[in-house]
Amino acid sequence: MKKKLLLFLSILFALSLVLGACGGSNDDTSTDGEDSNSEDVEEETTDEKGEQEGGTLTFAIDQEPEGLFMDGFSKSAIDAQVNEFIHESLWTTNEELEYIPAIAEWETEDNKVFHFTFQEGVKWHNGEELTVEDWQFALEVLAHPDYEGDRYTYVQDIEGVDEYNSGEADSISGFEIVDDYNATITFKEKKINNLENLWSGAMPKKELEDIPVGEMDAAPEIRETPVGLGPFKIKEIQAGEYVSMERFDDYWKGTPKLDEILLKVIDPSLTLGALQNGEVDFMEIRPDDIDELEQFDHINIVEQKGLGYSYVGFRFGHWDKENKTSVADYDKFNDKRLRQAMFYALDRESIVNNYLNGKATIVNTPIPSVHWIAADESELTQYDYDPDKAEELLDEAGYKKGDDGFRTDPDGNEFVVKFAHYAGPAAFEGRSQAIMQNWEDVGIKTELATGQLIEFNTYNDMKDNDDEVLETFFGSWSVGTDPDPTGLWGSKEEYNFGRWVNEESDALLADGLSEASFDDDHRKNVYIEWQKLFNEELPAIPLWENLDLYGINERVQGYTIDATGLRDYHEWYVTD
């Protein structure tokens, strides 16, 4: 199929399927709680379409936010979701996962030099007008040598960024401002997805320019008073309890219908009850919630095939921050027969049925099936549950089983695998124990890293910092619409948390972005070959594709949900 030029919207990384999102800060309209003066409360009205305006929609979230509420700094899915309400990408995607203009449009003749034009009159929450200087500022923050975030990869292909990052230049030479609404970006080379891998979020320059880049992630302008372009702006934050966001009347697509969106932090054991009794209107749900929620007529359950998958990662080394590359210096899992055996040992069908209520599809590739480059499962080794095959591979690799039923390594030493999983509901504990038991059933002694499930934000920090106890770890990705897997599996990518280094993989990933890959057939064939390599080498174990699941009170109307998630919040409304 013929692919249009797409523009990268940012990988909503997150990296796990822990629910929800939260975030926030106070702006000049902050209050210290609910308004007790009923005369000041806006009444609900009806617009020309007969759709009700006004009112509050309450989201349930079951994790406290990390508190990085500016795109470019957020690390967790929780913070990323609140950013969807208060920030806005310059581009969006359609139902075919193709990028289309929004605030900005673009044109190019050679896929190396692009001219961008911004819509005039788009306002920040502080009343300032968006200009291309705000985008230039964002790109320079991400490219700055003192930047502590992990989005450098989305600016690294711009001409002159290396000199700026090293301190040899005061600006990125490849970004040229024509006027307030027009800019030209020149990339280092012609690539099929230069646009898809370009950062498409602006930052309010006048709010942030006086803050040293190395201190931004701790600044109140990021953690307490973020200024965005989105349909809602922060009204009040009560740490550990809620984030209140009020509508932004000057939103560029039109005044949102809702007065307020409330993100309410609720204990995981209480979220279903809160949805059932009307305390909350909307929440992401887990598969094991469905049977209970189906009993309530006022709750709609939405299932959406998305861009997420779960996996078990292996540790191969560490991240060299100075040189921005993975270093393979941990050899415990170097023998692919061990990794393959650990895959065959997993009874994924049982885990999906018992802990995901059957709401997942078993896969053997890390490319979501909605992507046009996904290899057919018939082209891949099917690692169906086969403990006999697992034991055969372990014997062949020299992992001998002793009288106690557990195996030693090829040198005859005790062999113990540490497995890590983030904390959450009971199902998380159950599936982690199931995985560990499967491995022990074939003689691989397995221990839970740290002795317990790990708090979500702590877990993310441990992955970021290559904590040595994370020898194997459970993870989930929600990937972007660009099918290129380089950002997660390339040896020079920070999100390659296993620190896998493989020259053949890097070569194939590079070919997938080469001039030859402007031909869709060539590009797809390259990525299929990469998936076959992944399927053989197994730098991680692909487990299953997840369904995006939502429980929604019937009073919520006007929402849009597709493979990329939730969208068009300004059109959402609630009925009495």
Taking the side chain from R315 and the backbone from K332, do they hold a donor-acceptor pair closer than 3.5 Å? no
When you look at CD of E109, are more than 12 heavy atoms from neighbouring residues, nucleotides or ligands closer to it than 6.0 Å? no
N546 CG to T361 OG1 distance, which is reported to the nearest 0.5 Å: 9.0 Å
Assess the pair W544 and Y311: is the distance between their ring centroids shorter than 6.0 Å? no
Q433 side chain to Q437 side chain, donor-acceptor N/O pair below 3.5 angstrom: no
Checking K324 against Y152: charged group under 6.0 Å from the ring centre and within 45 degrees of the axis? yes
Does the side chain of E163 come under 3.5 Å of the side chain of S173 through a donor N or O and an acceptor N or O? no
Do N502 and E537 pair up side chain to side chain, a donor and an acceptor below 3.5 Å, judged on atom types alone? no
Side-chain donor/acceptor of R348 to backbone N/O of Y385, under 3.5 Å: no
Atom NZ in K463, atom CG in D467: separation rounded to 0.5 Å? 12.5 Å
With a 6.0 Å cut-off on the ring centroids, do F73 and Y147 count as close? yes
Evaluate the criterion side chain to side chain contact (heavy atoms under 4.5 Å, CB included) for residue pair Q136 and V132; output intermediate values, then yes/no. CA-CA 6 Å; Q136 179 190 46; V132 294; over 6 Å; no
Just by modelled atom types, is the T450 backbone N or O under 3.5 Å from a matching donor or acceptor in the Q452 side chain? no
Between F114 and F187, is the ring-ring contact (aromatic ring centres under 6.0 Å, His included) condition met? List the steps. CA-CA 8 Å; F114 288 79; F187 292 93; 5.6 Å; yes
Below 4.0 angstrom, N of the basic side chain to O of the carboxylate: do K336 and E536 qualify? yes
Rounded to the nearest 0.5 Å, what's the gap from NE2 on H522 to CD on E515? Could you check? 11.0 Å
Verdict with supporting geometry, F314 and W500, ring-ring contact (aromatic ring centres under 6.0 Å, His included): CA-CA 8 Å; F314 294 101; W500 180 46; over 10 Å; no
Tell me whether the count of non-hydrogen atoms from other residues, nucleotides or ligands lying under 6.0 Å of CD in E396 goes above 12. yes
Note: D548-K305 ion pair, threshold 4.0 Å (strictly below): no
Answer yes or no: is there a donor N or O on one side and an acceptor on the other, between the side chain of W135 and the main chain of W199, under 3.5 Å? yes
Donor-acceptor pair, distance only, cut-off 3.5 Å: does the side chain of E455 make one with the backbone of T458? yes
Could you state the interatomic distance from CG (L393) to CG (D388), rounded to the nearest 0.5 Å? 11.0 Å
Centroid separation under 6.0 Å, is that true for the rings of F534 and W489? yes
Cationic N near anionic O, under 4.0 Å, E440 to R407: no
Residue from T472, L448, V417, D441 passing side chain to side chain contact (heavy atoms under 4.5 Å, CB included) with M436: L448
Whether H144 and Y164 hold their rings parallel, tilted or perpendicular, with breakpoints at 30° and 60°: perpendicular
E471-Y330 side chain donor-acceptor pair, cut-off 3.5 Å: yes
How far apart are the closest heavy atoms of P542 and N364, and which atoms are they? CG-C, 3.8 Å
Any luck finding a side-chain donor-acceptor pair between D409 and Y399 under 3.5 Å? no
Do any N or O atoms from the side chain of Q304 and from the backbone of T564 form a donor-acceptor pair under 3.5 angstrom? no
With distance as the sole test, does N94 use its side chain to make a donor-acceptor pair with the main-chain N or O of E98 at under 3.5 Å? yes
Using the benzene-type ring in the case of Trp, are the ring centres of W106 and W91 under 6.0 Å apart? yes
Quick check against the 3.5 Å criterion: does W439 have a side-chain atom that pairs as donor or acceptor with the backbone of M342? yes
Verify, without hydrogens or angle tests, whether T446 (side chain) and I444 (backbone) share a donor-acceptor contact under 3.5 angstrom. yes
So, R523 and D511, do they make that salt bridge, N to O below 4.0 Å? no
Between the side chain of E66 and the main-chain N/O of S74, is any donor-acceptor distance below 3.5 Å? no
Determine the minimum heavy-atom distance between Y459 and A420, stating which atoms define it. OH-O, 3.3 Å
Are a donor atom and an acceptor atom from the side chains of D482 and N193 found within less than 3.5 Å of each other? yes
Distance-minimising heavy-atom pair for V442 and A345: CG2-CB, 3.9 Å
Distance from L142 atom CG to F137 atom CZ, nearest 0.5 Å? 10.5 Å
Would you compute the distance between atom OG of S171 and atom CG of L139 and round it to the nearest 0.5 angstrom? 12.0 Å
For R339 and N334, test the side chains for any donor-to-acceptor distance below 3.5 angstrom and give the result as yes or no. no
Aromatic rings H421 and F474: how do their planes relate, parallel, tilted or perpendicular, breaks at 30° and 60°? parallel
Test S491 against every option in T325, D506, T486 by the side-chain hydrogen bond (donor to acceptor under 3.5 Å, both in side chains) rule and name the one that passes. D506
For the residue pair K190 and F518, would you count it as a cation-pi contact if the rule is NZ or CZ under 6.0 angstrom from the ring centre and within 45 degrees of the ring axis? yes
Carboxylate-amine/guanidinium proximity below 4.0 Å for K75 and D150: no
Should the pair F497 and W477 be assigned to parallel (<30°), tilted (30 to 60°) or perpendicular (>60°) ring geometry? parallel
So, for V363 and E377, which heavy atoms are closest and what is the spacing to 0.1 Å? CA-OE2, 3.5 Å
Classify the angle between the aromatic ring planes of Y383 and F343 as parallel (below 30°), tilted (30 to 60°) or perpendicular (above 60°). parallel
Do we see a donor-acceptor contact under 3.5 Å between the side chains of S369 and E545? yes
Between E494 and R151, does at least one N-O distance fall below 4.0 Å, as a salt bridge requires? no
With a 4.0 Å cut-off on N to O distance, would you call D562 and R567 a salt bridge? yes
Least distance between heavy atoms, N496 atom then S326 atom: ND2-OG, 3.9 Å
Kindly check if the number of other-residue, nucleotide or ligand heavy atoms within 6.0 Å of CG (D110) is above 12? yes
With no hydrogens and no angle check, just 3.5 Å: does a side-chain donor-acceptor pair link N323 and D320? yes
Check: S89/S200 side-chain N/O donor and acceptor closer than 3.5 Å: yes
